2 protein chains.
Amino acid sequence: MGRNRSFIEAEVVAQCAEIFRSTGYEGTSIDDLVQATGLHRGSLYKAFGSKRGLFVLALRQSAGPAMPTHDSTDLLLVALMELAPRDPEIRSIAFGILSGVAPRHTPQSLGERLLERAREPRANEATTKDSA
Amino acid sequence: MGRNRSFIEAEVVAQCAEIFRSTGYEGTSIDDLVQATGLHRGSLYKAFGSKRGLFVLALRQSAGPAMPTHDSTDLLLVALMELAPRDPEIRSIAFGILSGVAPRHTPQSLGERLLERAREPRANEATTKDSA
DNA sequence: ATCGGTCAAGAACGATCGGTCAAGAATTCG
DNA sequence: CGAATTCTTGACCGATCGTTCTTGACCGAT
């Protein structure tokens, strides 16, 4: 039970992380997360409290012990660009990830990934509804 | 006169650029720009058409012939992170700036500035966002 | 069968978003 | 001077934002 639940939780957080890293923090709406996870608004809030809380979990989880992937690096970039300057806790988490035991990220590697990400066209997210 | 007008215009664009580079694109509301410029909503839209149009002008203007400053680099970072993946024109402008005649920006210099910016606390603008 | 408690579900909420427009002030022209 | 025209202004719009609350289905214990 508990194990299964936390496993599912981790999966949901991972799905949200994917949305956040792709469309940014401010660019992601709760509806986007609802759609991506299949959960419902109330459930998301019951489980995670707020959009920001969900992002914090996603950021922490994506920075596990493994080597950074493109996805986890993107999420870190989003945190650094959009949240860190105005949110001390997230700034602290982000720089904690950066100063991990091994020098996994460097300014150069971050800059390179930033440029790669900027070049990747994003599927035109529905600003106007034509889902038929 | 035309010259005076365009001078004022450039000043307004510069003020908006400062807001965009500081709080990001999605993080900046029209009201923020209204407050920063002292102009009124209608005037802004009459002169610049849209928030995006204003950002495009700001990005182009900030990437003049001079050496990049922290401010102009920040605006470029915002363009690359928030707009470039979903907006081909802005992506094109941004990469045009990057491939200027002299190698003014490198992945490493971008990454370094990204980290500096993330460390600079931003005056907590009260948008009733983190009261949870 | 009936209660009490739990939880998913999504309708509803106030605030705020980007964008528009009609009415008043200012200016130009006959 | 008065009519015509341009500019200024901020109230207003529908949509969407993040968040909360009511609803009702479900389940074990009585």
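For clarity, every value in this text was computed on a predicted model and none was experimentally measured. Residue numbering restarts at 1 for every chain, and letters A, B, ... go by the order of the sequence lines.
- Counting to the nearest Å, the P atom of C/dA15 and the CG atom of B/Asp31 are 15 Å from each other.
- In this structure, B/Leu44 places its CG atom 14 Å from P of C/dC17, rounding to the nearest Å.
- Here salt bridge (Lys or Arg N to Asp or Glu O under 4.0 Å) pairs that include residues 37-49 of chain B, with residues two or more places apart or in two chains, are B/Asp31-B/Arg41.
- One interatomic measurement links the two molecules: CD of A/Gln35 to P of D/dT16, which rounds to 13 Å at whole-angstrom precision.
- In DNA chain D, stems built from 3 or more consecutive Watson-Crick or G-U wobble pairs, each with both distances under 3.5 Å, span C:1-30 with D:1-30.
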Check: For nucleotides 9-14 of chain C, read 5' to 3', which letter fits each nucleotide if B means a protein heavy atom sits under 4.0 Å from the base, S means only the sugar-phosphate is that close, and - means neither?
Finding: SBBB--

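- A salt bridge links A/Glu116 to A/Arg113: one of the charged nitrogens lies within less than 4.0 Å of a carboxylate oxygen.
- Between the side chains of A/Glu11 and A/Gln15, no donor N or O sits under 3.5 Å from an acceptor N or O.
- Separating the CD atom of A/Glu26 from the C1' atom of D/dC17 is a distance of 10 Å, rounded to the nearest angstrom.
- Across the protein-nucleic acid pair, B/Lys46 atom NZ and D/dG10 atom P stand 17 Å apart, rounded to whole Å.
- Between the CD1 atom of A/Ile30 and the P atom of D/dC17 there is a distance of 9 Å, given to the nearest Å.
- The phosphate of D/dT19 has OP1 or OP2 within less than 4.0 Å of a side-chain N or O from A/Tyr45.
- The two atoms that bring A/Leu115 and B/Leu110 nearest to each other are CD2-CD1, 3.9 Å, heavy atoms only.
- Following rounding to the nearest Å, B/Phe48 (CZ) and D/dT8 (P) show an atom-to-atom distance of 12 Å.
- Ion pairing between A/Glu26 and A/Arg86 holds under the 4.0 Å rule for side-chain N and carboxylate O.
- Remark: A/Ser29 is in phosphate contact with D/dC17, judged by side-chain N or O atoms under 4.0 Å from OP1 or OP2.
- The 12-atom threshold is exceeded at CD of A/Glu120, counting heavy atoms of other residues, nucleotides or ligands nearer than 6.0 Å.
- To the nearest angstrom, C1' of C/dA15 lies 15 Å from CG of B/Asp32.
- A salt bridge links B/Arg52 to B/Glu89: at least one charged side-chain nitrogen sits closer than 4.0 Å to a carboxylate oxygen.
- The backbone N or O of B/Ala66 lies less than 3.5 Å from a partner atom in the side chain of B/Arg104, making a donor-acceptor pair.
- In this structure, A/Ser22 contributes its side chain and A/Ile19 its backbone to no donor-acceptor pair below 3.5 Å.
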